[in-house]
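Structure record follows, encoded as structure tokens.
Here the structure is a predicted model, which means the values were calculated and not measured.
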Amino acid sequence: MTKEYVYSICGMCSVRCPIQVEVVDGRAEYIQGNPHAPGIMGSLCPRGAAGTALSYDEERPQHPMIRVGERGEGKWRTASWDEALDYVADKLKAIQAEHGKQSVLFSDRGGPFRDFYRAFLRGIGTPNYNNHDSACARNVQNAALSVFGFGRKDVAYDFKNAKHVILQQRNIFEAINVAEVNNLLTGMDAGCKLSVIDIRANVPATKADNFYLIRPGTDYAFNLAVINALIDEELYDDQFVADWVSDFDTLKNFVAEYTPEWAEAETGVPAASIRDLARQLSEAAPSVIWHPGWMTARYDDSFYMTRTIYIINAMLGSIGAKGGMPLMVKPGDVGAKGLKSFMELYPKPEGKRVDGVGWMEGRKHYDQGPGLVNLAYDAIVSGEPYPIKAYIAQRHDPLMAFPDKDDVVSMWKNLDLLVAVTFSWSDTAWYADVVLPISPYLERDELLMSKNGAKPSFLIRKRAIEPLYDTKAIWEIYAGLAKRMGLKELDYDSIEDIWKFQLEGTGVSIKDFDKTGIVSLTKEPLLKPVKEGTFKTPSGKVQIIDEKLEADGMPSLKPYVSPERPPADRFRITFGRCALHTQGHTVNNTLLFERMPENTLWIHTGKAQTLGIATDDYVTVSNNGYASKIRAFVTDFIHPEAVFMVHGFGHTLPCESRALGKGAADNLLMPRGIRRYDKSGGAISMQEHFVQVAKA
């Protein structure tokens with residue numbers, strides 16, 4: 001028997017925790033967190049531990065496939081890699097020749113391994129790179145830019161040294177980042193307080209010092225009242241505000257009417273509790289983290305919820321503070337050179353983005369990086385501002401991520417080519433013209449990853465086992481397409497040559513990763529002070545009034561609008577995460593399915609009694625012509641106006657025998673929901689829909 005340990009990076013969700021894989025006779029037997037990685041302490045979440053089941057799942061795509069039936073009919077023929085890549089490349093060339101280079105759209109799930117295929121997109125001349133973030137954290141990104149002039153990932157979270165952490169639309173113990181969870185628990189052991197604001201008692205709420213059961217859609221009201229209390233009782237950091245916040249008097253005047261007493265009627269949270277929270281935060285400042293949210297594609301004003309969170313953090317002096325939200329440290333800050341980028345090989349395409357981001361009226365203020373893919377779909381339908389005829393969905397399942405699958409499919413009918421690059425089946429892959437199967441993360445080498453933080457570092461994902469089927473690494477797929485598209489700069493045959501390119505000039509060699517899988521770029525952690533040039537705004541300060549936002553017709557300080565209450569026979573549909581599953585792509589995982597085969601519908605005790613529903617009864621939840629049976633979970637710890645379910649269930653694909661027909665799909669309960677989005681932040685408003693519930 002031969003046993004070895006391989007350092008790599010998890011691929012079971014978008015966090016990508018460092019891991020150590022135990023390989024016995026060529027088989028991956030056990031996965032644990034990399035014990036050398038800061039904050040990991042050898043631990044993993046359930047999804048990470050179940051990574052072996054992803055590789056050894058016989059129901060995943062095993063070879064390239066080309067559609068032979070109608071789209072969505074599930075009729076395919078097996079193809080060789082040469083045939084499949086030739087097919088895709090020839091289609092792309094023909095489409096670009098007829099409709100222009102910009103007629104190709106691409107979307108992915110983001111992350112640190114994008115550089116090679118983003119270079120491919122530049123090389124073929126399309127500006128239309130997108131990611132999934134309009135169904136996730138786009139409101140957070142655009143709020144950070146609006147307040148600080150830099151993005152959400154330019155600040156970190158010092159949970160280990162925090163004195164008070166507030167979670168609002170951030171479920172840290174279920175949507176798990178292992179290092180963050182460990183660091184927060186360490187901080188709580190040292191006396192850090194935890195406050196949770198949510199429509200239900202999630203796992204963090206069960207561990208919280210303060211839990212605020214809030215009426216759905218009133219988070220912005222709650223935050224305005226906290227700002228009012230901080231100002232009214234002079235609980236904010238007056239020196240930080242004087243030095244680094246512009247237009248503070250404008251904020252004072254704006255929030256004057258939004259008192260805790262006013263907010264009590266809106267949110268259901270007692271005014272005294274709101275004032276008490278403001279005092280607790282002042283006492284803990286500046287070592288306070290009010291998390292700006294993670295998945296905030298919820299309400300029409302979620303952008304303003306996040307914007308006020310960033311303003312509150314600034315008022316408490318937590319920006320740049322130990323135990324607060326330190327400024328992110330990058331390689332250059334510690335005198336090191338970052339990884340060389342393949343994107344530098346090609347100029348940025350000159351064409352305008354098809355989603356209008358960055359140039360269209362009302363969309364100039366949005367971050368151009370990944371744009372808004374939901375708005376790009378409009379061009380597939382209309383051909384304006386120019387036609388989109390080819391779409392590559394890379395590790396992205398828009399038909400489950402976005403509301404109303406049939407509506408989204410209707411927007412794709414004019415595509416001449418739809419390619420799914422994926423390691424698992426999905427609704428999008430089932431509808432695609434070509435499926436290019438990725439080797440799961442245990443079976444593939446990846447580009448080197450740069451991780452910023454107090455001690456910036458490089459990490460490596462190394463193949464732990466050989467590919468079990470006829471699948472390829474992501475870089476191999478795009479190198480193959482690049483060769484066929486005439487991009488010789490990306491025509492690579494080995495990952496070692498790619499690593500060599502990335503490490504050029506860094507002074508780091510690939511052998512430096514052998515010992516721990518991580519190369520730290522500095523010995524001591526760095527805490528950067530707030531100084532001149534920190535904030536990338538016109539004033540050089542935290543800005544209450546954002547001229548760019550205002551020029552696009554959006555107020556910086558939006559008057560609060562009370563959310564619609566559900567009709568008497570309906571509930572607001574809400575959804576979220578759990579520790580056992582990553583949206584839809586783990587539901588068919590043999591190990592995770594065994595632990596959680598279906599989702600449940602949380603419903604308030606009083607409402608359930610009226611409907612004659614008890615825990616574990618099957619109920620029917622319906623809207624938009626869609627109805628599904630789901631087990632009820634009856635509890636006092638959800639707001640009576642809402643019902644809740646974990647996202648990602650209700651699969652219909654015959655190739656997923658375990659997940660098939662289990663639970664309900666929340667996204668199908670949101671009629672034409674992709675068309676309703678927060679105009680200020682760009683994210684979909686996915687919790688602005690109402691459903692009916694009845695005992696089955």
Side-chain H-bond candidate by donor/acceptor type, His164 with Ser287, under 3.5 Å: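 The criterion, which ignores hydrogens and geometry beyond distance, is not satisfied for Ser287 and His164.
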Distance-only side-chain donor-acceptor flag, Asp546 / Gln543, under 3.5 Å: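 Yes, a side-chain donor-acceptor pair sits under 3.5 Å.
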Do NZ/NE/NH1/NH2 and the carboxylate oxygens of [X] and [Y] come within less than 4.0 Å?
X      : Y      : result
Arg275 : Asp232 : yes
Asp407 : Arg672 : yes
Glu688 : Arg298 : no
Asp355 : Arg363 : no
Asp133 : Arg138 : yes
Asp300 : Arg676 : yes

Hey, does the side chain of [X] reach the backbone of [Y] with a donor-acceptor pair shorter than 3.5 angstrom?
X      : Y      : value
His581 : Gln583 : no
Arg353 : Tyr129 : yes
Gln692 : Arg570 : no
Asp367 : Gln141 : no
Tyr366 : Lys679 : yes
Ser382 : Asp378 : yes
Ser426 : Met400 : no
Asp552 : Met554 : no

NZ/Lys558: more than 12 non-hydrogen atoms of other groups inside 6.0 Å: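 Counting other residues, nucleotides and ligands, NZ of Lys558 exceeds 12 neighbours.
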Glu261 atom CD, over 12 foreign heavy atoms within 6.0 Å: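 Counting other residues, nucleotides and ligands, CD of Glu261 exceeds 12 neighbours.
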Rounded distance (nearest 0.5 Å) linking atom [atom1] of [X] with atom [atom2] of [Y]:
X      : Y      : atom1 : atom2 : result
Ile684 : Ile674 : CD1   : CD1   : 5.5 Å
Asn177 : Ser14  : CG    : OG    : 11.0 Å
Asp209 : Cys192 : CG    : SG    : 8.0 Å
His647 : Thr582 : NE2   : OG1   : 11.0 Å
Asn202 : Lys207 : CG    : NZ    : 11.0 Å
Glu547 : Ser556 : CD    : OG    : 9.0 Å

Member of Asp158, Asp154, Asn313 meeting the side chain to side chain contact (heavy atoms under 4.5 Å, CB included) criterion with Met325: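 Looking at Asp158, Asp154, Asn313, the match for Met325 under the side chain to side chain contact (heavy atoms under 4.5 Å, CB included) is Asn313.
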Listed once per pair and sorted, the ring-ring contact (aromatic ring centres under 6.0 Å, His included) pairs that draw on residues 601-632, sequence neighbours left out: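 The answer is Trp602-Phe633, Trp602-Phe644.
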Residue pairs, two or more places apart or on separate chains, that pass ring-ring contact (aromatic ring centres under 6.0 Å, His included) and touch residues 258-293: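 Output for this query lists Tyr157-His291, Phe254-Tyr258, Tyr258-Trp262, Trp262-Tyr560.
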Show the nearest heavy-atom pair for residues [X] and [Y], with the distance to one decimal.
X      : Y      : result
Gly217 : Tyr299 : N-CZ, 3.3 Å
Leu230 : Ile312 : CD1-CG2, 4.1 Å
Leu316 : Asp237 : C-CB, 4.0 Å
Thr574 : Ala642 : CG2-CB, 4.1 Å
Asp678 : Phe303 : OD2-N, 2.9 Å
Val373 : Ser107 : CG2-CB, 4.0 Å

Residues Val15, Ile176; criterion side chain to side chain contact (heavy atoms under 4.5 Å, CB included); working and verdict: CA-CA 8 Å; Val15 174; Ile176 296 171; over 6 Å; no
For Lys536, all residues meeting side-chain contact (heavy atoms from CB on, under 4.5 Å), sequence neighbours excluded: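 So Lys536 forms a side-chain contact (heavy atoms from CB on, under 4.5 Å) with Phe150.
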Criterion side chain to side chain contact (heavy atoms under 4.5 Å, CB included) on Val587 and Leu592, from CA distance to verdict: CA-CA 7 Å; Val587 177; Leu592 298 175; over 6 Å; no
Between Phe575 and Phe649, ring centroids under 6.0 Å: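 No, too far apart.
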Phe690-Phe571 aromatic ring centre distance below 6.0 Å: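 Judged by ring-centre distance (under 6.0 Å), Phe690 and Phe571 do not meet the cut-off.
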Student check: side-chain heavy atoms of Asn253 and Leu251 closer than 4.5 Å: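 No; the side chains remain at least 4.5 Å from each other.
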Stepwise side-chain hydrogen bond (donor to acceptor under 3.5 Å, both in side chains) test for Thr259 and Asn228: CA-CA 6 Å; Thr259 64; Asn228 177 290; 5.7 Å; no
Candidate pair Thr306 and Asn139, rule side-chain hydrogen bond (donor to acceptor under 3.5 Å, both in side chains), full reasoning: CA-CA 7 Å; Thr306 297; Asn139 284 332; over 6 Å; no
With Arg307, the side chain to side chain donor-acceptor pair (under 3.5 Å) member among Ser146, Ser302, Ser680: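 The side chain to side chain donor-acceptor pair (under 3.5 Å) with Arg307 is passed solely by Ser146 among Ser146, Ser302, Ser680.
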